[in-house]
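A, B, ... follow the sequence lines: proteins, then strands. Residue 1 opens every chain. Predicted model, so just to flag it, every value in this text is computed and none were measured.
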There are 2 protein chains.
Amino acid sequence: MLKDLQYIKQTLAGHGLKVTHQRMVIYQVLQETDTHPAAEGIYEKIKKKNPSISLGTVYKTLEVFVEKGLIKKINTSEGNMRYDARMDIHNHIYCTNTKEIIDFKDDELDMLVRDFFKRKKIGNFNLKEFRLHISGEKIDPGKHIEIT
Amino acid sequence: MLKDLQYIKQTLAGHGLKVTHQRMVIYQVLQETDTHPAAEGIYEKIKKKNPSISLGTVYKTLEVFVEKGLIKKINTSEGNMRYDARMDIHNHIYCTNTKEIIDFKDDELDMLVRDFFKRKKIGNFNLKEFRLHISGEKIDPGKHIEIT
DNA sequence: TCTTTGTTGATAATTATTATTATTTATTTT
DNA sequence: AAAATAAATAATAATAATTATCAACAAAGA
């Protein structure tokens, strides 16, 4: 599912970013993967085809993307940050042994929580978003988890 | 609200830990604070009265506490880990400008989510816990947030 | 074209954390 | 109680992840 370049260009430009080659490939990798990669992982993926791009640029670019609201930074119980290009509201399932972060989107759950906060007000606070962190471990690490 | 030493000793011993002075003071700081401090912050607090305790010991001790199920390790959008001595199920409100992590416990919400997962099953996955991460920012950083 | 500004790559520096090891303290054995 | 063994700690070194610096380059404006 290769996102077409035009779309990527528009997305970058639409967020007030100058379109550069490095930004294109970094954003493209994020679009193509659903594994919520770390900076290092993104760097590994792109450097085959683009050996000149430096790790520092990957870090800086990711930070710029986060600032501009293009991607989200997500934190894990290990020491490193991971990045998520999926911007719709969704939750994350953390597998404590495989370290995977699996997306979990459920409209009913979202509504449930949103509804709850319509009643429950948090004063002196401007609520931006909520995310459910579900943690546990895969029973068979080789297989996918399945939500039914 | 100084926790009495006997209680702390019992808690440590009850989790299979040898009672030492450093473990006592580290656990005590965690009990006394609701700010979810980082290792560094704990170190700063205890070193006034205990200048000989080393930062490495703080890190190691915290890790031991986590392993033994005495405390929880929580991750923030910045790069560092923070520790939480409150072990009952509760959620966290994260203020993106003051970097505060504020506890948010609500039985109704817990029930709502628990109920949801009774119906919605996640296959090939052993669900351990879920926590709602609420983020946003305080309107007046000087004042507390209030839940009504 | 000249000037200014933004971006990148190379590298150094910093921060948070973990590992190592000698020493200290506690526990068990004799 | 002394010696032997084990566990915990302090000091320090090492590592990993991330950020800062800065010169070179590219793009945009005057």
Peer 1: Does the side chain of A:His92 reach to within under 4.5 Å of the side chain of A:Arg82, using non-hydrogen atoms?
Peer 2: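 No - every pair of side-chain heavy atoms lies 4.5 Å or more apart.
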
Peer 1: Does C:dT25 have OP1 or OP2 sitting under 4.0 Å from an N or O in the side chain of B:Gln22?
Peer 2: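 No.
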
Peer 1: Once you round it to whole Å, what is the distance between C1' of D:dA17 and CG of B:Asn80?
Peer 2: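 It works out to 13 Å between those atoms.
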
Peer 1: Could you walk me through whether A:Tyr59 and A:Glu63 pass the side chain to side chain donor-acceptor pair (under 3.5 Å) check?
Peer 2: CA-CA 6 Å; A:Tyr59 272 104; A:Glu63 209 47 52; over 6 Å; no

Peer 1: Nearest whole Å is fine: how far is D:dT9 C1' from B:Met24 CE?
Peer 2: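 Nearest whole value for this atom pair: 16 Å.
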
Peer 1: In whole angstroms, how far is the C1' atom of D:dC25 from the NE2 atom of A:His21?
Peer 2: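 Value for this atom pair: 16 Å.
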
Peer 1: Among residues 48-70 of chain B, which contact DNA chain D at a heavy-atom distance under 4.0 Å?
Peer 2: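 Within this stretch, B:Ser52, B:Ile53, B:Ser54, B:Thr57, B:Lys60 sit under 4.0 Å of the strand.
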
Peer 1: So, B:Glu108 and A:Lys120, do they make that salt bridge, N to O below 4.0 Å?
Peer 2: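 So B:Glu108 does not pair with A:Lys120 through a salt bridge.
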
Peer 1: Using a 4.5 Å cut-off on heavy atoms from C-beta on, say whether the side chain of B:Val29 contacts that of B:Val25.
Peer 2: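 A side-chain contact under 4.5 Å is absent here.
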
Peer 1: For C:dT8 and A:Thr20 - does any side-chain N or O of the residue sit under 4.0 Å from the phosphate oxygens OP1/OP2?
Peer 2: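 Yes, such a contact exists.
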
Peer 1: Nearest whole angstrom, please: distance from the P of D:dA27 to the NZ of A:Lys9.
Peer 2: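 Computing the A:Lys9:NZ to D:dA27:P distance gives 13 Å.
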
Peer 1: Just so I know, are the side chains of B:Met24 and B:Lys9 near enough to count as touching, which here means a heavy-atom distance under 4.5 Å?
Peer 2: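 Yes, close enough: below the 4.5 Å cut-off.
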
Peer 1: Does any part of the side chain of A:Asp110, heavy atoms only, come nearer than 4.5 Å to the side chain of A:Lys105, both counted from C-beta?
Peer 2: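 Sidechains of A:Asp110 and A:Lys105: in contact.
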
